[in-house]
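Keep in mind that this is a model prediction, so the values were computed, not measured.
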Amino acid sequence: MTAFSGFFLFLGSGYVQKTVSAQQAITPSTGKVGLVGIAIKQEENTGRLIVETVFPNSPAAAAGVSEGDIIVAINNVPTQRMTPEEAGSLLRGHPNTPVTLAMERAGTQQAYKISPNRELVSGEVALFGVSIRQEEGTGSLIVETVFPNSPAAGVGVSRGDIIEAINGQSTKGMSPERAGELLRGQPDTEVALRLRQPTSRRVLEVETRRAILNLNE
């Protein structure tokens, strides 16, 4: 990090770069979760929260949000020094409830404010089912969350596993944003990962198929 996401999910301070992608925008829930339909990332140098993706037919798309726009505040809470996971918790909520976003248009410094209602957002993006973070010192991509009933859970991926390769491509020097792009894809398409367990250092080679994860089951 969507079923999308505030794609908006997950993860915390101290990372070189934090990206919340579609892969990261899913929150397991026994009830229905409303979303605004964006993926966000955090700029490394400024810490600003940037809209990475606006999903078609989402509340954000209908409100005119564009990729590259800067999220200044969520529900009147400034996003300065806010982590993507904190933003995600504010963006998610019950369906048909409003969320207020203060935004700045990319490249223009033009401010605008929107108050879309959260909706059950669906789409044709299939996911692997993990959220990831990047370690500050090593740059390693670490599995932060494995979502229940996801393809990742089905092949035994665990929290803390180190992602060394995706579809044969080494993750050395790879950003979480790029990893998210490789993990997403069309439904029922194959994705292969090489992971290393942090304690045993055992290497795992896993292959599975991407799936659309349903928040409402």
Side-chain angles (χ1 to χ4, degrees), residues 1-12 15 18-35 37-41 52-53 55-58 84-85 88 91-92 120-135 140-172 174-217:
M1 279 171 305
T2 290
F4 315 92
S5 24
F7 268 176
F8 341 83
L9 231 149
F10 313 132
L11 319 165
Y15 305 150
K18 189 57 185 190
T19 297
V20 178
S21 68
Q23 198 66 32
Q24 300 167 279
I26 307 172
T27 301
S29 174
T30 57
K32 295 183 177 181
V33 178
L35 308 172
I38 57 175
I40 60 177
K41 63 179 180 180
E52 180 188 16
T53 304
F55 295 100
N57 304 315
S58 66
E85 56 268 31
L91 288 166
R92 294 188 299 275
L120 300 175
V121 182
S122 61
E124 291 303 317
V125 178
L127 309 171
F128 179 60
V130 297
S131 65
I132 56 178
R133 63 181 176 90
Q134 189 169 43
E135 285 189 329
S140 296
L141 297 181
I142 311 297
V143 175
E144 180 74 8
T145 306
V146 181
F147 300 106
N149 304 316
S150 67
V155 294
V157 177
S158 300
R159 186 177 187 271
D161 285 352
I162 302 165
I163 303 174
E164 295 190 337
I166 304 172
N167 293 334
Q169 183 173 335
S170 172
T171 60
K172 185 176 182 180
M174 184 181 293
S175 69
E177 176 180 2
R178 176 56 180 158
E181 292 174 355
L182 293 176
L183 290 169
R184 296 190 298 273
Q186 294 297 312
D188 202 37
T189 55
E190 292 185 353
V191 59
L193 285 83
R194 185 175 73 245
L195 305 110
R196 186 178 297 274
Q197 295 180 329
T199 52
S200 68
R201 309 303 295 174
R202 177 187 173 196
V203 174
L204 301 177
E205 300 276 354
V206 300
E207 292 185 8
T208 187
R209 290 182 177 274
R210 301 174 179 92
I212 295 176
L213 303 187
N214 190 345
L215 293 175
N216 307 312
E217 293 182 346

Suppose we screen for side chain to side chain donor-acceptor pair (under 3.5 Å). Which residues come up paired with [X], at least two apart in sequence or across chains?
X	result
E190	R209
S200	Q197
T171	none

- Message: Is any side-chain heavy atom of M174 closer than 4.5 Å to one of I163?
- Response: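 No; the side chains remain at least 4.5 Å from each other.
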- Name all residues meeting the salt bridge (charged side-chain N to carboxylate O under 4.0 Å, His left out) criterion together with E207; count only those two or more places apart in sequence or in a different chain, and write none if there are none.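 Partners of E207 by the salt bridge (charged side-chain N to carboxylate O under 4.0 Å, His left out) criterion come out as none, since no residue qualifies.
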- Item | Side-chain (R194) to main-chain (V203) donor-acceptor, under 3.5 angstrom | no
- Grab the two heavy atoms, one from A179 and one from I132, that are nearest each other, plus how far apart they are. CB-CD1, 3.6 Å
- Closest approach of L195 to V143 (non-hydrogen atoms, all atoms of both residues):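 The pair with the smallest heavy-atom distance is CD2-CG2, 4.2 Å.
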- Query: Among pairs that include at least one residue of residues 147-158, which meet salt bridge (Lys or Arg N to Asp or Glu O under 4.0 Å), considering only residues two or more places apart or in two chains?
  - Reply: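 Qualifying pairs: none.
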- Message: Assess the residue pair I166 and F128 against the criterion (side-chain contact (heavy atoms from CB on, under 4.5 Å)); give the C-alpha distance rounded to whole Å, side-chain angles, the decisive distance to 0.1 Å, and a yes or no.
- Response: CA-CA 11 Å; I166 304 172; F128 179 60; over 6 Å; no
- Message: Test side-chain contact (heavy atoms from CB on, under 4.5 Å) on E164 and L204; report intermediate values, then the result.
- Response: CA-CA 10 Å; E164 295 190 337; L204 301 177; over 6 Å; no
- With sequence neighbours left out, write down each residue that passes side chain to side chain contact (heavy atoms under 4.5 Å, CB included) with A153, or none if nothing qualifies.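 Side chain to side chain contact (heavy atoms under 4.5 Å, CB included) list for A153, sorted by chain: V146, S150.
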- Message: Checking S170 now: which residues fulfil side chain to side chain contact (heavy atoms under 4.5 Å, CB included) with it, not counting sequence neighbours?
- Response: K172
- Query: Which distance, rounded to the nearest 0.5 Å, do you find between the CG of L193 and the CD of Q169?
  - Reply: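 It comes to 11.5 Å.
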- Message: Suppose the criterion is side chain to side chain donor-acceptor pair (under 3.5 Å): which pairs have a residue in residues 153-163, not counting sequence neighbours?
- Response: E144-R159
